Amino acid sequence: MTTRGIDYASLSLKDALDLAVLIEEEAQERYEDFAAQMEQHRTPEAATFFRLMAQNEAKHGEELAARRSSLFGTEPKAVTREMIYDIEAPDFDAARAFMSPRQAMKAALASEVKAHAFFVAALPALKDAGVKALFEELRDEEVHHTNLVTAELAKLPPDSGLSDEDFVDEPAAQ
Amino acid sequence: MSATCEYQAKDYKSDLKPIWCPGCGDFSVVQGIYRALAAIGRPPHEIAFVSGIGCSSRIPGYTTAYGFNSVHGRSLPIAQGIKLANPDLLVLAAGGDGDGFSIGGGHIAHLIRRNMDITYIVMDNQIYGLTKGQLSPTSQKGRTTCTSRYGSLEEPVNPLLYVLAYGAGFVAQASPTDLAGMAATIEEAIRYPGFAFVNIQSPCVTYGEEAQQIKGLKAISENLTALGHNPADRLAAMDLAQHYGQKLHLGVFYRNPEPAPTYDGLVRERQALLSKDAPPAENILDLFIKK
């Protein structure tokens with residue numbers, strides 16, 4: 001989780017909204033990629049969950065984009081996807097073939113915690129009051145999402161106790 | 001802060017879905033490549049991406065560049081042929097540690113001595129993953145695999161020392177533990193005017209050992225800039241490179257401050273020189289006729 005070339009002290013509300021949209025977009029794409037990986041590796045339950053997460057991220061992104069549009073219309077963007085790295089997107093190595101729904105949810109939970117940490121860490125550097133308010137709002141949303149995922153996790157039956165290793169073919173001499 | 005890039009990372013992402021194991025380090029490597037290419041800003045049709053055989057060698061297909069998933073260990077000769085035939089192309093070569101340092105090991109030395117303007121990205125996972133976990137040239141001594149039941153007796157190849165010793169002008173190492181650093185390192189390698197080598201420690205989630213996964217790699221990571229390393233100092237780079245396998249130094253080990261002329265550039269010059277006295281194309285066969 002990192003950013004490149006973003007000066008938080010001079011971040012305007014327009015830039016901050018664009019940044020928030022990009023963060024959701026990155027997370028949405030990663031969840032879609034994870035869902036595709038799960039489908040490819042015959043892990044349909046985790047795939048369904050990751051698709052759901054992708055839809056959620058898309059919904060949040062659209063809400064933020066609508067806000068940006070109503071406030072700033074079509075003013076050009078000053079932030080790009082190339083400036084953000086895995087803010088709310090789950091880490092690339094969080095996916096595993098045959099992962100259980102519980103493991104998939106834990107990966108999502110870690111991402112929400114990570115996004116929360118990002119907004120918390122960025123807050124002290126912000127100067128603009130509007131940006132600060134937006135980041136506080138986004139930080140609090142991440143807490144809400146974390147609580148939602150935690151509640152869903154609690155409803156799941158315990159895992160089988162099998163590890164990734166149980167699904168890997170034994171090395172065979174060639 | 002500006003959004004002046006004509007191309008974005010997504011412009012280099014193909015529609016083909018990677019079939020790597022979920023969690024594979026190569027997912028982040030391809031993202032690093034997309035971002036580096038976006039920063040360079042060359043359109044996909046001006047890029048040729050050649051690979052050998054192996055899990056990581058699937059990578060050209062996941063980009064929108066012209067790609068060639070070629071023959072085991074032969075990405076570098078093919079990349080050189082492409083560069084000579086069309087020097088205006090941005091040529092990338094990629095593959096795994098087995099493809100690069102075992103099957104294709106003999107080719108690296110010749111590419112380095114020619115100093116062709118090609119960037120070579122090795123996704124080093126210390127194992128043959130595609131064929132289900134055999135000992136590779138960079139596997140640690142003592143490693144147990146299906147081809148080393150009682151532990152490997154061999155010392156691993158050190159890819160960094162290997163290319164530094166042959167005189168590569170740009171040598172760097174990256175890892176998915178630092179995505180931003182990896183994208184920046186690949187970008188810098190592509191921008192270097194000559195042969196550039198980037199060794200990427202890319203974990204194999206299926207056959208890799210615990211210590212080689214992201215958590216293990218993070219524990220031994222050290223950023224070369226933070227260490228105060230001077231990338232113009234080749235001997236210091238060789239000294240640091242000796243820690244391969246024990247420490248994960250990230251960043252540029254060596255960048256020749258005075259890059260040597262490239263072979264492709266010299267060939268162009270030679271062609272220009274000889275073309276002055278060359279017979280017209282319609283008389284070219286006269287060269288082969290005794291008078």
Side-chain angles (χ1 to χ4, degrees), chain A residues 1-12 15 18-19 22 25-26 29-30 32-41 43 46-47 50 76-87 89-99 103-104 107 164-165 167-174, chain B residues 1-5 7-11 13 16-32 34-39 127-128 131-135 144-149 176-184 187 202-208 210 213-215 217-218:
Chain A
M1 177 186 71
T2 184
T3 58
R4 227 177 131 187
I6 295 175
D7 177 13
Y8 291 96
S10 64
L11 203 66
S12 68
D15 296 341
D18 283 334
L19 185 66
L22 291 173
E25 191 183 285
E26 184 189 41
E29 275 181 25
R30 187 69 47 78
E32 280 169 356
D33 285 347
F34 275 16
Q37 289 172 31
M38 293 302 120
E39 280 158 4
Q40 209 169 52
H41 288 83
T43 314
F50 286 136
K77 287 180 188 172
V79 288
T80 69
R81 269 288 292 279
E82 284 67 40
M83 293 174 175
I84 60 164
Y85 292 83
D86 290 4
I87 306 297
D91 293 347
F92 285 102
D93 71 323
R96 285 290 185 279
F98 315 117
M99 70 197 300
Q103 287 170 320
D164 294 348
E165 295 295 313
F167 295 94
V168 176
D169 295 346
E170 279 299 306
Q174 301 290 303
Chain B
M1 192 163 59
S2 66
T4 52
C5 284
Y7 288 93
Q8 294 179 12
K10 64 179 180 187
D11 296 321
K13 185 178 181 180
L16 205 61
K17 293 281 178 201
I19 60 162
W20 293 315
C21 303
C24 175
D26 295 351
F27 280 106
S28 50
V29 179
V30 74
Q31 287 291 332
Y34 297 150
R35 284 168 185 256
L37 290 175
I127 198 86
Y128 283 103
T131 47
K132 297 196 171 186
Q134 294 84 9
L135 205 64
T144 307
T145 69
C146 62
T147 50
S148 55
R149 284 287 186 198
T177 55
D178 174 12
L179 280 176
M182 178 163 62
E187 180 190 337
S202 178
C204 174
V205 290
T206 305
Y207 298 104
E210 195 60 36
Q213 304 305 316
I214 295 288
K215 201 175 162 189
L217 292 179
K218 272 185 183 165

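Here is the naming used below: chain letters follow the sequence lines, and residue numbers restart at 1 for every chain. The basis for the numbers below is simple: all heavy atoms, side chains too, and nothing from hydrogens, waters or symmetry mates. Because the structure is a prediction, the values reported are computed rather than measured.
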S.K.: Determine the minimum heavy-atom distance between Ile19(B) and Gln40(A), stating which atoms define it.
M.R.: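 Of all heavy-atom pairs spanning Ile19(B) and Gln40(A), the closest is CG2-NE2, 3.2 Å.
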S.K.: With a 4.5 Å cut-off on side-chain heavy atoms, are Phe92(A) and Leu179(B) touching?
M.R.: yes
S.K.: Please give me the minimum heavy-atom distance between Glu187(B) and Arg4(A), naming the atom from each residue.
M.R.: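 Closest pair (atom of Glu187(B), atom of Arg4(A), distance): OE1-NH2, 3.8 Å.
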S.K.: Please examine the side chains of Pro22(B) and Met99(A), heavy atoms only from C-beta on, and report whether any two atoms are closer than 4.5 Å.
M.R.: no
S.K.: Shorter than 4.5 Å, heavy atoms on both sides: which option in Pro203(B), Pro176(B), Ser28(B) has the most such pairs with chain A?
M.R.: Ser28(B)
S.K.: For residues Tyr85(A) and Gln31(B), determine if any side-chain heavy atom of one lies less than 4.5 Å from a side-chain heavy atom of the other.
M.R.: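 No; the side chains remain at least 4.5 Å from each other.
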S.K.: Rounded to the nearest 0.5 Å, what's the gap from CD on Gln37(A) to CZ on Phe27(B)? Could you check?
M.R.: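 Those atoms lie 3.5 Å apart.
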S.K.: Could you work out, with salt bridge (Lys or Arg N to Asp or Glu O under 4.0 Å) as the rule, every residue matching Asp33(A), not counting sequence neighbours?
M.R.: Lys13(B), Lys17(B)
S.K.: Just to verify, what does Asp91(A) make a side-chain hydrogen bond (donor to acceptor under 3.5 Å, both in side chains) with, not counting sequence neighbours?
M.R.: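 Testing Asp91(A) for side-chain hydrogen bond (donor to acceptor under 3.5 Å, both in side chains), a comparison that skips the adjacent residues, returns Lys114(A).
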S.K.: First locate atom CD of Gln8(B), then atom CD of Glu82(A), and finally report the distance between them rounded to the nearest 0.5 Å.
M.R.: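 Between atom CD of Gln8(B) and atom CD of Glu82(A) there are 5.5 Å.
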S.K.: Can you tell me how far apart CG (Asp93(A)) and OG (Ser202(B)) are? Round to the nearest 0.5 Å.
M.R.: 10.5 Å
S.K.: Is a side-chain donor or acceptor of Arg96(A) paired with a backbone partner of Cys21(B) at a separation under 3.5 angstrom?
M.R.: no
